[in-house]
Amino acid sequence: MTPTTTPTRLQRRYAVIGTGAIGGFYGAKLQQAGFDVHFLLNRDYQWVRDRGLVVESVNGDFTLPEVNAYQQPQKMPKCDVVIVALKTTANHLLPELLPPVVKENGVVVLLQNGLGAEEEVAQIVGSDRVMGGLCFICSNKIGPGHIRHSDYGAIELGDYDESYRARGITDRMQAIAGDFDRAGITILDSEDLLASRWKKLVWNIPFNGLSVILDAKTDALIADRATRSLAEDLMQEVVNGAAAHDRAIAPEFVQEMLDKTVKMKPYLTSMKLDYDRRQPLEIEAIFGNPLKKAAKVGVRLPKIETLYQQLVFLDRRNRR
Ligand SMILES: NC(=O)C1=CN([C@@H]2O[C@H](COP(=O)(O)OP(=O)(O)OC[C@H]3O[C@@H](n4cnc5c(N)ncnc54)[C@H](OP(=O)(O)O)[C@@H]3O)[C@@H](O)[C@H]2O)C=CC1
Ligand SMILES: CC(C)(CO)C(=O)C(=O)O
């Protein structure tokens, strides 16, 4: 069993796999707080190696003129905490990207939307070395090494156990939460990562999906009676999917998500932004995997299935 003790504060070395809206923002905040952070980049490598990172944030802008930037994981030091902030559509790269960077008793933290990525990563690094985080943030990469954080910012952090068994709050979770807290990031402790992932889908399934299919921002979707009713039906199906996995989502939480969306600044979801940029959509993580998991326990989610089929069609046609 991999020891779960991690080095003391500020000694924990962080890697960020995917320095975009999420990885770029949270990684920069950790470096700003004094942590040793190493960024793996793709197209932005040269720019960030030479110019560092620029963060525009509702909580205050800052720049990091120098960061540890890499284009190959083999050139990176072994790290105690490896944050994966790729789009889930790039997770097929993780068997190549992760092993060179994860320290012997290190842990991988998946800051991604959707369901199922922890099970995939557990196959690579072992199921006792995986955690997941749900990011309640509106952030966009607006240029190479340039992040704009426009709203919210909290992370709901959970430890992973085989087959998504609830693992409770672990020491290493609290240690990493302490680091993020030191970096000014609000951490919500999750005792049950699977429940947290289903809860995040209560928002992502209706609004990410409908924003693409109906070419609409969140404010238009919630303001129109027909699409609000459709969003509520989709949310209820997510609640049914969670219930099929013995995870109860209270009706109050659904109402809270609806109320939050009414108050939200008009927002183009990350999936809609990907669609407009002709990038692959995170359909399998956010729609396909929840449908598969529900079907495995004999539960159909018909309206989510319809959204999934439409999104698959649109995604294919969008990138021909
Ligand atoms: N943005 C947001 O506000 C929120 C996002 N999320 C979730 O967070 C996750 C990350 O999304 P987000 O940060 O928005 O996505 P981004 O596209 O902004 O960031 C992903 C980054 O990964 C990089 N990347 C791709 N391939 C590689 C590679 N082989 N090696 C190194 N880096 C690579 C990309 O670089 P390049 O572009 O050069 O390929 C990009 O900078 C998703 O699951 C998303 O759904 C959740 C809540 C809110
Ligand atoms: C809820 C929201 C809009 C911000 O956390 C999100 O999850 C997303 O943009 O994918």
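Fair warning: this is a prediction, and the values are worked out from it, not measured in the lab. Residue indices begin at 1 and follow the sequence shown. Just so you know, ligand 1 is whichever comes first in the structure, and atom 1 is the first atom listed for that ligand.
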Salt-bridge present ([X], [Y]; N to O < 4.0 Å):
X    : Y    : answer
D80  : R13  : no
D219 : K265 : no
D224 : R228 : no
D259 : K263 : no
E237 : R300 : no

Examine the proximity of ligand 1 to N140 and report which part, side chain or backbone, both or neither, has a heavy atom under 4.0 Å away. neither

Residue part near ligand 1, for W203, under 4.0 Å between non-hydrogen atoms: neither

If you measure from each heavy atom of [X] to ligand 2, is any distance below 4.0 Å?
X    : answer
T269 : no
M264 : yes
F207 : no

Which residue from H92, Q71, K141, E96 reaches closest to atom 41 (O) of ligand 1 through any of its heavy atoms? K141

Closest by any non-hydrogen atom to atom 7 (C) of ligand 1: pick that one out of I137, I147, N113. N113

N/O of [X] under 3.5 Å from N/O of ligand 1, yes or no?
X    : result
A90  : no
E282 : yes
K200 : no

Using distance alone, determine whether C138 and ligand 2 share an N or O pair under 3.5 Å. no

Within this structure, what is the [atom1]-[atom2] distance for the pair [X] and [Y], rounded to the nearest 0.5 Å?
X    : Y    : atom1 : atom2 : value
Y160 : M173 : OH    : CE    : 15.5 Å
F25  : I185 : CZ    : CD1   : 4.5 Å
D61  : I147 : CG    : CD1   : 12.5 Å

Please list the nearest protein heavy atom to [atom] with its residue and the distance rounded to 0.1 Å.
atom                    : result
atom 4 (C) of ligand 2  : I137 O, 2.9 Å
atom 9 (O) of ligand 2  : Y267 OH, 2.6 Å
atom 24 (N) of ligand 1 : L86 CD2, 3.6 Å
atom 7 (O) of ligand 2  : K200 NZ, 2.4 Å
atom 2 (C) of ligand 2  : W203 CZ3, 4.0 Å

For ligand 2, which atoms, with element, lie under 4.0 Å from some heavy atom of F136? 5 (O)

At a 4.0 Å threshold, what atoms of ligand 2 neighbour a non-hydrogen atom of S270? 8 (C), 9 (O), 10 (O)

Short check: is a protein heavy atom less than 4.0 Å from atom 44 (C) of ligand 1? yes

L111 neighbourhood, listing ligand 1 atoms whose heavy-atom distance to it stays under 4.0 Å: 8 (O), 9 (C)

